[in-house]
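Right, one structure below, let's go through it.
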Amino acid sequence: MRASARVRTRHHRAAAVSGAGLLATVVLAGTLVGCSDEGEQIPSIGYAIDSTVTTYNAGTVAGSVSGARQAFARVLPGFTYTGPEGGPVADTDIGTANAVPGDALTVQYKLNPNSVYSDGVPMSCDDLVLTWAANSGRFTRPGEATVPLFDAASTAGYSDIDRVDCQTGAKEATVTFKAGRNFTDWRSLFGATSMMPAHVVARAAGVPDLVAAVQNSDNEALARIADFWNDGWTMTPGELDLALFPASGPYKVESFSADEGLVLVANDRWWGNRPATSRIVVWPKAADLAARIADESVEVVDVATGSVPDIELGGFDVTDVPSRSVEQFVLSTSGLFETPAGRRAFASCLPREELAAEFGKAAEDGAAAASVDTRFTAPDSLVYESVAATAGGRYETSDTTAATAALAETDNTAATVRIGYLGPDPRRAAIVAAVAAACAPAGITVQDAGSEEFTPSMLRDGQVDALLAGTASAPGAAGTAAPTTSMYALRGGSRNNFGDYANGRVDQIVDQLAVDSSTATQLALSTEAENILWSEVPTVPLFNQPRTVGFAAGLEAGTVNPTRSGAGWNMDRWVLRR
């Protein structure tokens, strides 16, 4: 039984993410959870997340909106991981990445000489070449120059790389960026969950030399490589061929089933420090998390606050904290929302300020949160207040008159908006209900289209008109300190731009912000972008998504990470004593 007398519950009250406040929260959580009485170590720890596990490959469109980054950060590590403050942190167990002098950004990557996959095949620069090829957007289907071979969620940074110099099977590579494209967030490239095992792809695709196929732009071979990269790592419970899922981290996949969860076990070929606990079981949202927590199958919980029905965390040390993910509506660009007028009609009836106050706070007794007024600028950045002023109070409160007038511009006096999200999710259901009540007087009927089967691709397919999710449409943990992901989710052609919004000037701004981090440029271009985006309304940002992170009494080294990595970023250090 869990000793409820030992429970500490802390609610951190914050209107928006603050760099110093966020760090203090993380340090406090890690320190308190790490202090436990000595007892017998438990050999297995359950980890509950509020997303799906559908693929091993976090880089695909499906993978980017799944829990792959939470589940596999210590199964498929990279040269960096996303730390608790939201920035990239070097992972020298994998290797080193160092920029070398020159006009064009050039980075020398060196893999650890001992690095090897769990199936005995050494890691090599082939893995970097595959990562670049898949995410660069460079390779397209024959005769279809705009259709990429690889179903990559985003080309951010990788499309700026000119070449990856690699000798097949070698332990080092030189990555050279295009002239004038010194990507500022380059340290996040080739990071945790981005580097997939190239030897598995090459074997499955029947390509003896993957590096040569990429360097020679061998379209026939690349098509086979892409087919496997896109779909070959799909994870269906009870149907895994483990030979396709070798690990490069301290854990490897042992099994995956609806009843037993995703079981990760210690990788006996791991060359770094051995995992402190030999077995981690990841429980995705569909696993009835309330029941798993109640029967003590779960010792770590990392979910959006209020997003999981009926959970009882009486035996947990709980931290509620605003995250790096911005809860938002992502709107279609077809049907009612084909024109900006239709999108403005919906935005006008939203009670954005009330939604932030009610659903953006990080605790039941916490202070009301402020709405987030930008897409490209984090609330703790130096230029946020100036850029946010661009919103000028637009869409803060429900304005029936403005909504009705905008709707009339579409030649409609009534309309229906279907809002999709990954369910069950009581908090998002309540948000949709509040929006429905606010928009009804304007003649806009809002329908709740949340379901367990929902995926953001349903927006692109026309099955819903809007989706309610976090940064880049992720239903669960998301976001980093850098604006990279959020910016590219609004760039035309990006596959994680699920509303298919396109504006040439916004694309130019994204491209320039990606290579110029000066305060003056960030202020000027972010302000210009927000002027466009608040006029055309492809998305409506609401608030920093609050996260609830719980560690069972007796768990050591649990540390809150309110980014896309989630609490599992350091699962190999977890110890549970009872």
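Computed from a predicted model, the values in this text were never measured in an experiment.
- Note: Trp233 and Tyr56 have tilted aromatic rings, judged against thresholds of 30 and 60 degrees for the angle between ring planes.
- Counted by atom type alone, Asn57 and Thr60 present zero donor-acceptor pairs between their side chains at under 3.5 Å.
- Side-chain contact check for Asn570 and Tyr81: no donor-acceptor pair (N or O, by modelled atom type) lies under 3.5 Å.
- Taking each heavy atom of Trp283 and Leu289 in turn, the nearest pair found is O-CD2, 3.6 Å.
- No donor-acceptor contact under 3.5 angstrom links the side chains of Ser257 and Asp259, judged on distance only.
- Atom CG of Asn531 has more than 12 neighbouring heavy atoms from other residues, nucleotides or ligands inside a 6.0 Å radius.
- Applying the side-chain hydrogen bond (donor to acceptor under 3.5 Å, both in side chains) criterion to Arg495, with sequence neighbours excluded, gives Asp151.
- Evaluation of the side-chain hydrogen bond (donor to acceptor under 3.5 Å, both in side chains) rule for Gln328 yields no partner, not counting sequence neighbours.
- Of all the heavy atoms in Leu262 and Met235, the pair that sits closest is CD1-CE, 3.9 Å.
- For the residue pair Val303 and Ile49, the shortest heavy atom distance occurs at CG1-C, 4.2 Å.
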Evaluate the side-chain contact (heavy atoms from CB on, under 4.5 Å) criterion for residues Ile419 and Val464: first the C-alpha distance (whole Å), next the side-chain angles of each, then the deciding distance (0.1 Å), finally the verdict. CA-CA 6 Å; Ile419 300 177; Val464 296; over 6 Å; no
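- You'll find the ring centres of Phe72 and Tyr251 outside the 6.0 Å limit.
- Salt-bridge formation is detected for the pair Glu396/Arg352: a Lys NZ or Arg NE/NH1/NH2 atom is positioned less than 4.0 Å from an Asp or Glu carboxylate oxygen.
- The shortest heavy-atom contact between Val282 and Ala71 is CG1-CB, 4.2 Å.
- Remark: the Thr548 side chain and the Thr305 side chain contain an N/O donor-acceptor pair separated by less than 3.5 Å.
- No hydrogens or angles considered: a donor-acceptor pair under 3.5 Å links the side chains of Thr82 and Arg564.
- Side chains of Asn496 and Ser64: no donor on one and acceptor on the other come within 3.5 Å.
- Contacts of Ser332 classified as side-chain hydrogen bond (donor to acceptor under 3.5 Å, both in side chains), with partners at least two apart in sequence or in another chain: Ser334.
- Gly566 and Tyr47 get closest at one heavy-atom pair: C-OH, 4.1 Å.
- A 6.0 Å sphere centred on CD of Glu536 holds more than 12 heavy atoms belonging to other residues, nucleotides or ligands.
- Exactly one residue among Asp50, Asp320, Thr563 makes a side chain to side chain donor-acceptor pair (under 3.5 Å) with Arg547. That residue is Asp50.
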